[in-house]
Number of protein chains: 2
Amino acid sequence: MKLKDQNTEATILESAKLIFMEKGLYGARMQDIANQAGINKALLHYYFRNKERLFDEVFGGALARYFQNMEIISDESLPIIDRVLTYSNRFVYFLAEYPQMSIFLIKEISSNQALFHLKVQGIKKDKKYSLLNVLKEGVEKGELPVIDPVVFLMNLHSLCAYPFVAAPIFHAICQGSGVQWTDANHEKLLQSIHEFIHFKLSKSHL
Amino acid sequence: MKLKDQNTEATILESAKLIFMEKGLYGARMQDIANQAGINKALLHYYFRNKERLFDEVFGGALARYFQNMEIISDESLPIIDRVLTYSNRFVYFLAEYPQMSIFLIKEISSNQALFHLKVQGIKKDKKYSLLNVLKEGVEKGELPVIDPVVFLMNLHSLCAYPFVAAPIFHAICQGSGVQWTDANHEKLLQSIHEFIHFKLSKSHL
DNA sequence: GTCTATAGCTGGATAGAC
DNA sequence: GTCTATCCAGCTATAGAC
């Protein structure tokens, strides 16, 4: 499996990402990662002292990228609805790359809320421009229809994230019904999310 | 912790439900369950040969109730849209009672897909009348607008289940923004889901 | 840097006294 | 039925040769 033209550290990170994504922090075995990387288990510890550190290395970067991606939401040069559309696109594409991220975050947060806050606060710089606040302002200023921002945010995140969180369930459901849920459906998914956003945020349809 | 007025078996089941819900099959330790029940670890094995069997005992019942609840979907005396509305209500109320059920199922399925299939097939009797098949038929017969049943099913489940799955995340998000997400919001949530169902399934709005 | 070998821990399961 | 004590497998982590 090892790609000889890469250095070992990069190979490990890549393999770890693959395995962690597939099996989660606790499901993944160091041996699995070593096999995937085509190296020995001990080398993992040589490069990254322990499992947790390796995990952080993989997901710390991903989280940072996520928040960076999502800064679009505070770009005041665009209409809010366009920002939300872009936000949903980036969210889905991010999750397509890190399908285990949501469920991982959920587990982490629920098991150690305090720790999570520390880590995320270190990454997020400006809480002022969260999607929630942008929505609230949009409603107040009359740029958006009168919606409940919290419910909308919940709905939007649900539509984007749950398909990845619950992929195993859907594979099971679809399997039993002769239908397939594959990556090709991400486009269809996004389309339905965009429909929802227009339905909720366009003033024209009122 | 032990309730002396109950027999040991019931106490174990109760404790197991609590612990399994909180930590999942693999996160839960037999020791945790024993502590919760105020008894010894060995007794768990005495009553329920092993961990998996105990687990089945706890969740078999809940799952069975769920599928029973959801049979509404095959009641052909009602218009499909009404069945879907009722389906979403029951789904949300079920999850309000077992908020950890989704995430629990997801974790279990992803860690052991084969096992899951066996168990669910044992409960579900008639796969013919799944929501997915009802939707497909509805579209074919012209009772519904031309939608993609798989995407709709995905969207619907997302809207219903993710709020429970991701409750920890939402508490964190809302906390940072001076908003609260509480049980009182279940009604608001259902309302927005119903809006979505009407939006997608009503022929009138076309 | 990379390997083999192994220490050390955790947690499910069992034996056997009472 | 309930307990204590213990076994054993699986896994992370480390020591030490090369």
Side-chain angles (χ1 to χ4, degrees), chain A residues 1-60 100 104 107-108 111-112 115, chain B residues 1-60 100 104 107-108 110-116 118-119:
Chain A
M1 299 284 183
K2 186 175 178 179
L3 308 172
K4 276 289 179 194
D5 50 326
Q6 295 189 346
N7 64 24
T8 307
E9 187 168 336
T11 308
I12 292 176
L13 280 174
E14 210 170 298
S15 308
K17 176 179 163 184
L18 215 70
I19 301 293
F20 278 137
M21 279 300 159
E22 191 184 331
K23 310 194 173 181
L25 172 56
Y26 295 105
R29 301 290 149 223
M30 293 297 264
Q31 188 62 61
D32 299 338
I33 297 172
N35 290 344
Q36 175 69 34
I39 56 155
N40 185 281
K41 210 172 42 152
L43 260 197
L44 299 178
H45 293 276
Y46 174 77
Y47 280 97
F48 309 88
R49 181 159 302 280
N50 57 39
K51 193 182 184 184
E52 197 191 334
R53 219 175 264 211
L54 174 55
F55 188 81
D56 282 354
E57 211 72 37
V58 172
F59 281 89
Q100 300 279 336
F104 159 70
K107 280 194 264 183
E108 286 302 304
S111 69
N112 195 338
L115 183 67
Chain B
M1 301 283 182
K2 186 175 179 179
L3 306 174
K4 276 290 177 194
D5 50 329
Q6 296 189 347
N7 64 25
T8 306
E9 188 168 335
T11 308
I12 292 176
L13 280 174
E14 211 171 294
S15 308
K17 177 179 167 187
L18 215 68
I19 301 293
F20 278 138
M21 273 295 170
E22 192 184 330
K23 310 193 174 182
L25 173 56
Y26 294 103
R29 302 290 150 224
M30 294 297 264
Q31 188 62 61
D32 300 337
I33 297 173
N35 290 344
Q36 175 69 34
I39 56 154
N40 185 282
K41 209 171 48 154
L43 259 196
L44 299 178
H45 293 277
Y46 175 78
Y47 280 97
F48 309 89
R49 181 160 304 280
N50 57 38
K51 192 181 181 183
E52 196 189 332
R53 223 175 260 212
L54 174 55
F55 184 81
D56 284 352
E57 212 70 37
V58 172
F59 281 92
Q100 301 281 333
F104 160 74
K107 281 194 261 183
E108 297 321 313
S110 59
S111 65
N112 195 338
Q113 198 133 13
L115 183 68
F116 171 78
L118 283 177
K119 294 191 182 175

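Within every chain, numbering begins at 1; the chains are lettered A, B, ... in the order of the sequence lines, protein sequences first and strands thereafter.
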Atom-pair distance (CZ on F48(B); C1' on dG12(C)), nearest Å: 16 Å

Y46(B) vs dA13(C): side-chain N/O to OP1/OP2 distance below 4.0 Å: no

Rounded interatomic separation in angstrom, taking CD1 from I33(A) and P from dA13(D): 11 Å

K23(A) NZ to dG10(D) C1', straight-line distance once rounded to whole Å: 14 Å

Length of the line joining L54(B):CG and dA13(C):C1', which is rounded to integer Å: 14 Å

Interatomic distance where NE2 belongs to H45(B) and C1' belongs to dG1(D) [whole Å]: 16 Å

Distance, rounded to the nearest Å, where I39(B) contributes CD1 and dG1(D) contributes C1': 11 Å

Residues which pass side chain to side chain donor-acceptor pair (under 3.5 Å) with Q31(B), listed by chain and number, not counting sequence neighbours: N35(B)

Short side-chain N/O contact from T8(A) to OP1 or OP2 of dG1(C), under 4.0 Å: no

Candidate list L18(B), T8(B), V58(B), test side chain to side chain contact (heavy atoms under 4.5 Å, CB included), partner L13(B), passing option: V58(B)

Set of residues satisfying side chain to side chain donor-acceptor pair (under 3.5 Å) with respect to E57(B), sequence neighbours excluded: none

Integer-rounded Å distance: dT12(D) P and N50(A) CG: 11 Å

Residue pairs fulfilling salt bridge (Lys or Arg N to Asp or Glu O under 4.0 Å) with at least one residue in residues 23-42 of chain B, sequence neighbours excluded: K23(B)-D32(B)

Out of dC3(D), dG1(C), dA13(D), whichever nucleotide has its closest atom nearest the side chain of L43(A): dG1(C)

Side chain to side chain donor-acceptor pair (under 3.5 Å) partners for K51(B), two or more places apart: none

side-chain contact (heavy atoms from CB on, under 4.5 Å) partners for R53(B), two or more places apart: R49(B), N50(B)

Test item: I33(A) and L44(A) side chains (from C-beta on) under 4.5 Å apart, heavy atoms: yes

Interatomic distance, Y47(B) OH vs dG12(C) C1' [rounded to whole Å]: 20 Å

Any protein N or O atoms within reach of nucleotides 5-11 of chain C? Criterion: under 3.5 Å, listing atom names and distances.
| from | atom 1 | to | atom 2 | distance (Å) |
| --- | --- | --- | --- | --- |
| dG11(C) | OP1 | R29(B) | NE | 3.0 |

